[in-house]
Amino acid sequence: MNLSTRLTFIWHWLAAGFLLLFVLPSTRAYDLPLHPTQYRAVIDLANGQANFSVRFDRPPDFFTLDDVGRAADAFQFFTDTVSSDPIQSTTEGMYRSGPLGTQTVIGSYEIATRRQLTIWWPKPRSEWLPDDPIVHAALIRYGDYTLIDDTLSFSVPLGLLHDPDSSFYYGFQLYPYGGWTGFNYYGTSGQVYMLPVPEPAPATMFSAGVLLLMAASRCGRRQRRNPIMG
């Protein structure tokens, strides 16, 4: 490999390393799963409803569907007037004979088709009927929502939340294309919750750049041993 070819070869790998170190981090941030940065729920007794609001780290995409109809971003809220862990209490009640009657689930399943939220009361698995289109719901209603940039807002009548007196507990999960992100987010009505925005790890990106340069060096040595490649 002559000097000109070698310099060109090194320049190409340095450009690739620059791309990994400085360009890809900003691009990959948009590929991360949706993440809430602020959320709250407030009881509005005057209007008989609870108002929910969630700000995300990017605008959610509820309308892009994969080949089996799963949305790019989806969510479920779980509320309970008794248990401080509504996600667990709902799961226990539906699948393991735990107590039900105080839980409500609000989901985004039909935003892409009905442009509405789905609000339902869970029922135990023992009562699910195979010919029931919504086998897991004892009651189902639909509600409106507002999405402005990265902020989702919606209201639910207190009656659908089993009439909480002064407060209720809630939790929610996020699902990119049907897969759970692995995080549960919890809250109590009347409080505001702030979360940091996750960032790509610079150390990981730096390591990738170093690996690129090492690969370039090894490839250069291999080409010096093979004059046909020069």
Side-chain angles (χ1 to χ4, degrees), residues 33-63 71-94 98-124 134 136-175 180-181 183-197:
L34 195 64
H35 181 83
T37 60
Q38 178 180 313
Y39 61 90
R40 67 177 179 175
V42 179
I43 292 180
D44 180 0
L45 291 175
N47 293 300
Q49 63 187 25
N51 302 320
F52 295 79
S53 176
V54 185
R55 177 179 294 170
F56 298 103
D57 58 335
R58 60 171 172 80
D61 180 3
F62 300 133
F63 297 97
D73 295 311
F75 65 83
Q76 275 196 138
F77 274 75
F78 304 78
T79 73
D80 199 323
T81 57
V82 176
S83 172
S84 61
D85 190 340
I87 298 175
Q88 181 178 356
S89 71
T90 300
T91 303
E92 292 286 338
M94 293 180 68
L100 288 175
T102 59
Q103 301 94 341
T104 301
V105 182
I106 304 111
S108 62
Y109 332 107
E110 298 192 57
I111 284 182
T113 54
R114 295 180 60 105
R115 302 300 195 268
Q116 286 185 302
L117 302 176
T118 307
I119 306 167
W120 52 279
W121 291 351
K123 65 181 178 181
I134 309 293
H136 53 268
L139 172 146
I140 187 168
R141 296 289 186 270
Y142 298 97
D144 295 327
Y145 72 96
T146 301
L147 180 62
I148 301 177
D149 296 327
D150 57 2
T151 302
L152 169 74
S153 303
F154 60 91
S155 299
V156 179
L158 294 179
L160 291 180
L161 299 180
H162 302 281
D163 295 306
D165 293 329
S166 58
S167 65
F168 61 89
Y169 303 102
Y170 65 96
F172 63 98
Q173 297 177 332
L174 302 173
Y175 314 100
W180 176 39
T181 61
F183 295 99
N184 294 330
Y185 306 96
Y186 292 100
T188 303
S189 61
Q191 301 185 36
V192 178
Y193 298 87
M194 309 284 290
L195 298 176
V197 178

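Numbering of residues begins at 1 and proceeds along the displayed sequence.
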#### Entry: Residues that Thr118 engages under side-chain hydrogen bond (donor to acceptor under 3.5 Å, both in side chains), provided they are two or more places apart
none

### Summary
Value for CG (Leu34) from OG1 (Thr181), rounded to nearest 0.5 Å, stands at 8.5 Å

### Message
I'd like to check Ile43 versus Phe168 (side-chain heavy atoms, cut-off strictly below 4.5 Å). Are they in contact?
### Response
yes

Output side-chain donor-acceptor pairs under 3.5 Å for residues 145-153, partner residues at least two apart or in another chain, one line each.
none

Could you pull out every donor-acceptor pair under 3.5 Å between side chains of residues 136-144 and any protein atom, sequence neighbours left out?
| from | atom 1 | to | atom 2 | distance (Å) |
| --- | --- | --- | --- | --- |
| Tyr142 | OH | Glu110 | OE2 | 3.3 |
| Asp144 | OD1 | Gln116 | NE2 | 3.3 |

#### Entry: Under 3.5 Å donor-acceptor, Thr104 side chain and Leu160 backbone
yes

### Query
Under 3.5 Å, is there a donor-acceptor pair between the side chain of Gln88 and the main chain of Pro86?
no

### Query
Roughly how far, to the nearest 0.5 Å, is the CD atom of Gln191 from the CZ atom of Arg40?
12.5 Å

### Task
List in chain and number order the residues that pass ring pair (Phe, Tyr, Trp, His ring centres under 6.0 Å) with Tyr169, two or more places apart in sequence or in another chain; answer none if no residue qualifies.
none

### Query
Are the side chain of Ser108 and the backbone N or O of Ala74 linked by a donor-acceptor pair below 3.5 Å?
no

### Message
I'd like to know if the side chain of His162 and the backbone of Gly101 have a donor-acceptor N/O pair within less than 3.5 Å.
### Response
yes

### Query
Given side chains that start at C-beta, do those of Ile111 and Leu117 come closer than 4.5 Å, heavy atoms only?
yes

### Query
What is the minimum heavy-atom distance between Phe78 and Val105, and which atoms define it?
CD2-CG2, 3.9 Å

#### Entry: Closest approach of Met94 to Lys123 (non-hydrogen atoms, all atoms of both residues)
CG-O, 3.9 Å

### Query
Who are the side-chain hydrogen bond (donor to acceptor under 3.5 Å, both in side chains) partners of Asp163, not counting sequence neighbours?
none

#### Entry: Those residues that, when tested against Tyr186, pass ring pair (Phe, Tyr, Trp, His ring centres under 6.0 Å) (two or more places apart)
none

### Message
For the CG atom of Leu158 and the CG atom of Leu45, what is their distance to the nearest 0.5 Å?
### Response
6.5 Å

### Message
Taking the ring centre of each residue, are Tyr185 and Tyr193 less than 6.0 Å apart?
### Response
no

### Summary
Taking every heavy atom of Leu195 against every heavy atom of His35, the minimum-distance pair comes out as CB-NE2, 4.1 Å

### Query
Should the ring pair Phe154 and Phe52 be called parallel, tilted or perpendicular, given that the plane angle runs from 0 to 90° and is split at 30 and 60?
parallel

## Note on the structure
OG1 (Thr90) and CG (Asp80) are apart, to the nearest 0.5 Å, by 6.5 Å

### Query
Rounded to the nearest 0.5 Å, how far does CZ of Phe63 lie from CG of Asp73?
11.5 Å

## Note on the structure
dist Thr102:OG1 -> Trp121:CH2 (nearest 0.5 Å) comes out at 11.0 Å

### Summary
Nearest heavy-atom contact between Pro33 and Asp57 is O-OD2, 4.3 Å

### Message
Check the orientation of Phe77 and Phe75. Use parallel for under 30°, tilted for 30 to 60°, and perpendicular for over 60°.
### Response
perpendicular

